[in-house]
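Written out below as structure tokens is the structure these notes cover.
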Amino acid sequence: ILCGFDVIHGYRTIFPIPLGQACSWNEALVAESCRIAARESRLSGVHWTFSPMVDVARDARWGRVGDTFGEDPYLVTQLGVAAVKGLQGADFTGEDYVIACAKHMAGGSQPVNGINGAPNDMSERTLREVFLPPFEKCVEAGIYTVMAAHNEYDGIPCHGSRFLLTDILRGEWGFDGFVVSDWMDIERMQDYHTTGATLRDVYSQTLDAGMDMHMHGPDFYYEVLGMVRDGVIPESRIEASVRPILAAKFRLGLFENPYVGEEKTRGTLFCEEHRATALDAARESIVLLENDGILPLDPAKYRRVLVTGPFADNQVQLGDWAFRQPEENVTTVWEGLQAVSPETQFTLCDLGWNIRNITPEQVRGAVRQAAGKDLAIVVVGENSLRYHWKEKTCGENSDRYDISLYGEQEPLIRALHATGIPVVVVMTNGRPLSTEWVSENVAALIEAWEPGSLGGQAVAEVLYGKVNPSGKMPISVPRHSGQIPVYYNHKFTHHWFPYATGKSSPLYEFGYGLSYSTFEYSDLKVEKCDGGVVVSFAVRNTGGMDAAEVAQVYVGDVEASVPRPAKELKGYEKIFLKKGEQKRVEVMLTDE
Ligand code: BGC
């Protein structure tokens with residue numbers, strides 16, 4: 001048996017969600033986090049993970065934005081390929097690696113209405129320029145499986161699309177692994193897409209398209225067997241699908257030993273080395289969005305601190321696809337603060353994790369507790385935990401038409417702000433949230449995404465300046481959901497006229513993120529080289545703290561036969577600079 005499992009951002013050691021990991025722009029760290037996830041899950045009996053998700057996110061209403069590496073095809077590609085290398089190693093043999101799966105092919109991350117599985121109706125140009133490159137590069141990197149998408153593309157359900165699953169995937173890119181269906185999506189061709197009257201109709205459509213494995217259930221097996229017996233499909237069609245699946249099982253050694261030894265997981269799951277990487281990943285995933293100078297916090301100035309909000313002290317910070325973990329394996333913001341600043345007198349006003357039912361009375365209670373405090377730290381955001389399926393507001397199948405802070409969360413922040421004490425807001429959330437008032441009014445705003453097992457420790461370290469934040473947004477944040485689609489690599493005409501009653505610029509742009517330091521860029525050179533050009537420049541840390549900076553290189557076409565995006569990311573480098581230090585950065589832009 002080949003066991004597949006959604007190891008999306010960790011198995012027992014939970015890393016930040018992919019969107020958070022993407023803020024690090026650190027390919028080595030993403031690869032290492034994936035290697036650890038592969039090792040922990042493989043030792044536990046998992047052979048295959050349905051990850052990385054290399055969908056390019058273009059609609060913040062879609063609840064699965066947090067599963068992606070963001071909105072930019074280049075960044076998604078680089079991190080997707082890093083993930084494949086971390087998960088599969090050279091060829092997923094041995095005890096440390098699993099088979100990776102690039103999903104979902106293709107285009108489901110720009111659904112109409114922002115609803116999971118809804119159709120998209122994009123041009124083939126957009127499909128090929130924006131949505132397909134990450135898949136192509138994962139195939140080039142040796143990914144062994146690909147999952148089809150829920151949605152239809154150009155009027156054809158992706159599970160029945162020969163164009164996507166055979167012509168492009170195998171024909172153009174030479175993919176030689178196997179294609180798996182998404183959860184019951186072949187049956188959905190009959191029920192939802194209505195492209196077939198019977199199961200046999202849709203099974204036949206998916207086989208024609210190039211599907212190799214059905215997830216899940218016995219109907220497919222019996223029906224396909226019947227189709228072979230009836231002479232509707234040749235045995236050779238079955239062999240073509242079975243061959244790469246069996247090859248994977250041989251490579252994994254499942255015919256020699258299908259079992260795992262439980263004893264091997266001891267000392268490995270959530271071990272010190274894994275925790276250290278999860279902490280680093282959380283630190284690098286945090287984006288400082290606003291700071292009026294209050295951060296890093298001075299414990300001598302802010303002695304009595306109120307900590308409140310729904311996500312200050314629970315497991316919601318683990319994000320979608322994570323299951324309940326032993327309490328001692330999760331460091332919440334509340335716990336992190338006490339560990340990082342023991343001299344501060346913290347008071348917790350816990351509002352419970354369920355943002356659907358926080359009451360105005362609870363808000364008034366928090367305000368009462370703010371009396372006599374020097375500062376309030378408010379942890380707000382969204383809940384993506386799948387074991388809170390009915391209560392969550394984000395994650396798979398939890399899409400929203402309004403992406404502001406849900407329920408009483410903004411009233412809570414406003415009420416605390418009205419008391420006159422400084423308010424620092426920390427967000428733990430799985431999708432961009434439109435927080436215009438908060439951004440303009442609070443003393444500091446931190447985007448922590450869903451930072452995983454050690455997330456609370458990382459947040460506290462950033463608040464108290466033990467870590468200088470370096471995360472950069474991998475996605476644009478709309479001011480309002482009415483602005484969607486918002487993405488930085490748009491055509492000039494996308495923002496031709498400003499809105500009559502509000503700004504058309506995003507609240508935060510792709511690539512944005514503050515530091516406790518400042519940087520100076522100088523001495524830009526662009527020189528021809530073999531196969532492209534080399535862009536080089538100097539970056540100096542002009543602030544008072546050691547810092548990391550992500551130097552980003554964008555290109556734009558001055559003139560072209562078709563309209564091109566205003567700018568497109570084509571290279572970057574993350575550099576570490578001591579205070580006062582200068583480094584020269586070189587980024588090669590290939591002709592491609
Ligand atoms: C999701 C996939 C996931 C699968 C298996 C589906 O609902 O779309 O991303 O891998 O379930 O859990």
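Both ligands and their constituent atoms are indexed starting at 1 by order of listing.
For atom 5 (C) of ligand 1, the nearest non-hydrogen atom of the protein is Asp6 OD2, 3.1 Å. Of the protein's heavy atoms, Asp182 OD1, 2.8 Å lies nearest to atom 6 (C) of ligand 1. The nearest heavy-atom contact from the protein to atom 7 (O) of ligand 1 is Glu396 OE2, 2.5 Å.
With rounding to the nearest 0.5 Å, the separation of CH2 in Trp62 from CD1 in Ile115 is 12.5 Å. With rounding to the nearest 0.5 Å, the separation of OG1 in Thr331 from CD in Gln317 is 7.5 Å.
Close approach of ligand 1 to Met215 is summarised as follows: ligand atoms under 4.0 Å from at least one heavy atom of the residue are 4 (C), 5 (C). Under a 4.0 Å criterion applied to the non-hydrogen atoms of His150, ligand 1 contributes the atoms 8 (O). Taking every heavy atom of Phe50 and a limit of under 4.0 angstrom, the matching atoms of ligand 1 come to 10 (O).
The N/O atoms of Trp321, backbone and side chain alike, include none that comes under 3.5 Å of an N/O atom in ligand 1. For ligand 1, the polar-atom distance check finds an N/O of His104 within less than 3.5 Å of one of the ligand's N/O atoms.
Salt-bridge annotation for Arg39 and Glu273: absent, with no side-chain N of the basic residue lying under 4.0 Å from a carboxylate O of the acidic one. Arg188 has no carboxylate O lying under 4.0 Å from a charged side-chain N of Asp191, or vice versa, which leaves the two without a salt bridge.
Contacts between Met53 and ligand 1, counted as non-hydrogen atom pairs separated by less than 4.0 Å, are absent for every part of the residue. Only the side chain of Arg64 comes within 4.0 Å of ligand 1, counting heavy atoms alone; its backbone N, CA, C and O stay farther away.
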Pair Gln325, Ser453 - check side-chain hydrogen bond (donor to acceptor under 3.5 Å, both in side chains), show working.
CA-CA 9 Å; Gln325 298 299 314; Ser453 306; over 6 Å; no
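Judged by the 6.0 Å and 45° rule, Arg58 forms a cation-pi pair with Tyr487.
Contact check for Val7 versus Arg42: no side-chain heavy atoms found under the 4.5 Å cut-off.
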